[in-house]
Asks: 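The structure's right below; bear with me while I get my questions together.
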Amino acid sequence: MIDRRQMLGGLSLASALTAAPRFGFAAEPTDKRLVVVLLRGAMDGLSAAPAYGDPDFERARNGLAVAKPGQANGALALDGFFGLHPSLTGLHDRYARRELIVFHAIASPYRDRSHFDGQNLLENGSDAPYGLPDGWLNRALIGLPQARRQGRTDLGVALAPSMPLMMRGPARVTSWSPSLLPAPETDLVARVRALYQETDPKLAMALTEAVDANAATGAGGKDGAGGQEFVVLMKAAAKFMAEPNGPCVAMIDSTGWDTHANQAGTYSPLTRNLMTLDHGIQALADGLGDRWSSTAVVVVTEFGRMVAMNGTSGTDHGTASAAFLVGGAVAGGRVLADWPGLKPANLYAARDLKPTADLRSLTKAALRDHLGMDEGLLETAVFPGSGAARPFDGLFRS
Amino acid sequence: MSLQDAAIAANRFGLGARPGELAKIAGDPRGWLRAQLTPEAALPAPLAALPSTADDEAAFARWLATLHLGGADGAALKAYNVSHGAASMSETASTASMASNAMAPDDGKLSVEQSYVRTLLPRYATALEARIDVATTTDRPFFERLVHFWSNHFTVSAAKPAVIALPPSFERDVVRAHAMGRFEDMLTASTQHPGMLIYLDNYLSVGPNSFIAGHSEYLPEYLRGRMTGLNENLAREILELHTLGVRSGYTQADVTSFAKIITGWSVQGARRPSPDGRLFHFQPSFHEPGTHELLGVSYPQDGVEQGEAALRALAKHPATADHIATKLVRHFVADDPPPAAVARVAKMFRDSDGDLAKVSAVLIDLPEAWSPASAKLKPPEDYVVSAMRAMGGPRLTGRQLTAVFDRMGQKPYWAPGPDGWADAAANWIGPDPVWKRIEWADAAGKAMATSGVDPVVLAKETLGPSVSPATLEAIKRAESPAQGLALMLASPEFQRR
């Protein structure tokens, strides 16, 4: 079926899988940072990264197609075939600076259309909803070279008011979100901590992590309260990770991507979400300063949305979507997609963008080639049973 | 006479004890719970004072109209109207972010977002204050917990701007009214409530072969200029969340077919309430004609009866009983529901045809529910409510409550998505949530220490035998009554149940 596949960007997926030599974990990459952003609600990949060069794009989207580059509210051109949504101006600049890879027609192994199952699978790292009780990113923390060789247990942070599944599990993880109340008295905290240590180890551990996290952000938590939540959280992530011995892995949620109705237009939820995502990545880069050059951000969503507009100018749940890998450590400036096309016969279940790549190939590559994790651990502990989803090669600068 | 069982009844089934309450119910803790399983004689006063459903439904439209009169930019307003009038289910309109990130108006006028927050947030805050008021003062805390449970099961979230005012109305009309009735009736009432119909977009859903699809000149004003067709949002969530549960065997074809069955299920519009006062309106011209199949059963009925018959069948489906029983046992007994307990509750659900008073009563009879070891962590709302019940305060305004719960990660009526709030300790025991509760404990202890209360006595009175010697010792050694109260609130026994 090679005729309907288009080799795009500097490197097609097929060649990415076989070409570039992969990096070993010889170097001790203690300065590397990985941020995982989960867009909950299913981002419409064909709006975020419109395939305006596909001759079927406009017809298939029947009214939702982002205009071609150069037209009013047109896409920001990437490689002549794919573009970015007009609100992603920051990411577009990073593409030009070769810091961004756009993945398309990519999906987790989940093939039904429940958000909650889809997110659960994406977060637990198996190939089934509830297939594992904890999260892949948490399990990864145990396998990082810093944990295995230096015994570090302070490698992960979740920027969220409740602990997302992806970060739950055996490894210690700290968490933080902005606050409005004054910080409690130091003496009270010490007493509560002593009480927890005596009677409730789980609460004790959580409190210890919280105290450390507040020390790292420099405030009892008042920082940035009232700002745009996602941007505030990205700023906080930068604060944690900019420290020389700060956490190597951060996880951040973004919600509100479930655009069943009226998803186009300047004031639509989708447009505003994309704008916020763009601002958040900018805030992270600004906050990290020099460390941005050793940072990678993975942006994923639980599944995509239908190719065609539904009856209410939105899109219902679909299958494949787009994903982003951005950061100073990324060998970017390309789109990686084994493009399935948008003709009716090429759609998944006659309605969705067909998945031709597995999100785990991206996340596994980030753990292996960016953070230096042993590939054997990836297959056994982090993403068990994911052997068929080979990590992509060559995504990072050496 | 069992103080231990009284503490379990008050904390695990209820919203925490008030001083003196444990002694009062220790004679017959199970009887105390059973006595609460009756319909409400009258709406609690704080709720009776809230606006009507029609008023809540109209609030958003009225706000849009004021903007027009105020001369807001017509094009921007139209775009905002279109996008937010029918925004998606889980759009998070974080009020804080809307207020601070509103586009800077250069003419001194309020931006659309600022106006939204100022006009509609007070309505939410008032309803939140009433909800917390009822929870902290009720003599029927088990009933109240069940109301909160069903309100979460059938989530309508204020996170979607167009329904910001409707979750409290929904809770009153659908949940409180049927909490001791039949599940089937609650399900139908939910699916016909404007809150749900707007939250999950069904009022926009149009059958592809309906009359209106072929005659766009008859489209009502709110749909003009929009594409009209099928929207499967509500149909999917009814199958996945409200009835059968995910992975119970239904297919994409069932979702699409069910979406067709409930096309035309729409809202009357507050300006033209129906003779019976209901805001539900069946629009025959939107309805997809013909017989439709759902789960292998044909529904040949015409009109609204088709959807009502389908909902009845879903309510009776065995998977629904299992789904509801699992959620109830997880909520009241343990994060990992014991299968035997689930089976007992599910059996009663089936045997009684979804009689929710009987189903709730089975929970009281589960031996697993009376184990002295705490199996659940209180989520933020129950944590704050139980603190207020124990201390008799602090009394907070709706605005203050909004801020407190926002930072704790559980703003009532504002769940992140239609699946509602997560119901397991793992969600609430991370470092940040624990820290936020200690912050609250500190502030609340300081606010209430002036009342001359003895924290040691209070801990014994509200936690009963479940309070540990270590906690009592820590409270005794506190440097001040305020710190003693804070330690009581921060203690593991107070956070768990």
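Below, all heavy atoms of this structure are taken into account, side chains as well, without hydrogens, waters or symmetry copies.
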Asks: Give a yes or no answer on whether the side chain of A:R40 reaches the backbone of B:G417 with a donor-acceptor pair at less than 3.5 Å.
Replies: no
Asks: More than 12 non-hydrogen atoms from neighbouring residues, nucleotides or ligands closer than 6.0 Å to CD on A:E58, yes or no?
Replies: no
Asks: Any Lys/Arg nitrogen of B:E232 or A:R351 sitting under 4.0 Å from an Asp/Glu carboxylate oxygen of the other?
Replies: yes
Asks: Let's test your reading of the structure: which of A:T174, A:T271, A:V211, A:L159 forms the most heavy-atom pairs below 4.5 Å with chain B?
Replies: A:T174
Asks: Report the distance from atom CG of B:D419 to atom OG of A:S114, rounding to the nearest 0.5 Å.
Replies: 8.0 Å
Asks: Below 4.5 Å from any heavy atom of chain A, which atoms of B:L230 appear? Answer side chain, backbone, both or neither.
Replies: backbone
Asks: Charged N to carboxylate O under 4.0 angstrom, A:D316 versus B:R236?
Replies: no
Asks: Just wondering, do A:L207 and B:W435 contact through their side chains at under 4.5 Å, heavy atoms?
Replies: yes
Asks: At a 4.5 Å cut-off on heavy atoms, which part of B:A490 comes close to chain A: side chain, backbone, both, or neither?
Replies: both
Asks: Could you report the tightest heavy-atom contact between B:D442 and A:A183, atom names first, then the distance?
Replies: OD2-O, 4.1 Å
Asks: Of all residues at least two apart in sequence or in a different chain, which pass the side chain to side chain contact (heavy atoms under 4.5 Å, CB included) check with B:A444?
Replies: B:M391, B:P394, B:W440, B:L489
Asks: Using heavy-atom distances under 4.5 Å, tell me whether B:E240 contacts chain A through its side chain, its backbone, both, or neither.
Replies: side chain
Asks: Considering only heavy atoms, which portion of A:A160 lies under 4.5 Å from any heavy atom of chain B: side chain, backbone, both, or neither?
Replies: backbone
Asks: Are A:E185 and B:K446 ion-paired here, with the side-chain N under 4.0 Å from a carboxylate O?
Replies: yes
Asks: Hey, does A:L203 have a side-chain heavy atom less than 4.5 Å from the side chain of B:R496?
Replies: yes
Asks: Between A:V189 and chain B, which part of the residue has a heavy atom less than 4.5 Å away: side chain, backbone, both or neither?
Replies: side chain
Asks: Decide yes or no for B:P431 and A:W176: does some side-chain heavy atom of the first lie under 4.5 Å from some side-chain heavy atom of the second?
Replies: no
Asks: Measuring heavy-atom distances to chain B, does A:R191 have an atom under 4.5 Å in its side chain, in its backbone, in both, or in neither?
Replies: both
Asks: What option among B:A426, B:A441, B:S468 has the most heavy-atom pairs under 4.5 Å with chain A?
Replies: B:A426
Asks: Below 4.5 Å from any heavy atom of chain B, which atoms of A:L195 appear? Answer side chain, backbone, both or neither.
Replies: side chain
Asks: For a salt bridge (charged side-chain N to carboxylate O under 4.0 Å, His left out) check, start with the C-alpha distance between B:R247 and A:D112, then their side-chain angles and the critical distance, and finish with the verdict.
Replies: CA-CA 9 Å; B:R247 278 168 280 117; A:D112 293 313; over 6 Å; no
Asks: Tell me, for B:E479 versus chain A, whether the close heavy atoms (under 4.5 Å) come from the side chain, the backbone, both or neither.
Replies: both
Asks: Non-hydrogen atoms of chain A under 4.5 Å away: do they reach the side chain of B:V206, the backbone, both or neither?
Replies: neither
Asks: Would you check if the side chain of B:D432 reaches a backbone N or O of A:S177 as a donor-acceptor pair within less than 3.5 Å?
Replies: yes
Asks: Just checking, is any N or O donor in the side chain of B:N233 or A:H260 under 3.5 Å from an acceptor N or O on the other one?
Replies: yes
Asks: Return the set of residues passing side-chain hydrogen bond (donor to acceptor under 3.5 Å, both in side chains) with B:S491 (not counting sequence neighbours), or none when no residue passes.
Replies: none
